[in-house]
Asks: 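Got a structure here, written out as C-alpha cells. Questions coming.
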Amino acid sequence: MIKVGFKKRSLFVSLLLGSLAFIAAAIFGWDLPVDKALNFLIMTVLLLAIVVAAAFCTIVVIKLIRRLF
C-alpha cells in the first residue's frame, strides 16, 4: 500500500483555500458583486442550519420511538 504524506488537516486547508480561490475568481473574473456573494453565503449557511436541525429532530424522534418500544 502506498501512503501519501497528506494529513487530514492539510487536506481541509487545501479544500478551504481552493474554495476561497474559486469564490475570488467569481468575484473578480465575472464581476460578481461582493454583496451578492455575501447573500449567497448567508443563504448557504441558513440552508445548512435547516438541514442540521432536521437531522437533529430525526435523531430525537428515532430515540423517542426506541424508548417507547
Asks: How far apart are the C-alpha atoms of Val13 and Leu17, what are their side-chain angles, what is the distance that settles it, and do they pass the side chain to side chain contact (heavy atoms under 4.5 Å, CB included) test?
Replies: CA-CA 6 Å; Val13 171; Leu17 289 175; 3.9 Å; yes

Asks: Quick one: CG on Leu11 to CG on Leu15, what's the gap to the nearest 0.5 Å?
Replies: 4.5 Å

Asks: Hey, what do you get for CG (Asn39) to OG1 (Thr44), rounding to the nearest 0.5 Å?
Replies: 10.5 Å

Asks: Under the side-chain contact (heavy atoms from CB on, under 4.5 Å) test against Ile62, which residue among Ile59, Ile65, Thr58 passes?
Replies: Thr58

Asks: Let me confirm one number: the CD1-CG distance from Ile23 to Leu38, rounded to the nearest 0.5 Å.
Replies: 10.0 Å

Asks: Please round to the nearest 0.5 Å and tell me the distance separating atom CD1 of Ile42 and atom CG of Leu47.
Replies: 12.0 Å

Asks: I'd like to know if Leu20 and Leu32 are part of one continuous hydrophobic network [Ile/Leu/Val/Met/Phe/Trp/Tyr, side-chain heavy atoms within less than 4.5 Å].
Replies: no

Asks: Consider only side-chain heavy atoms of I, L, V, M, F, W and Y, link residues closer than 4.5 Å, and tell whether Phe56 and Val61 are in one cluster.
Replies: no

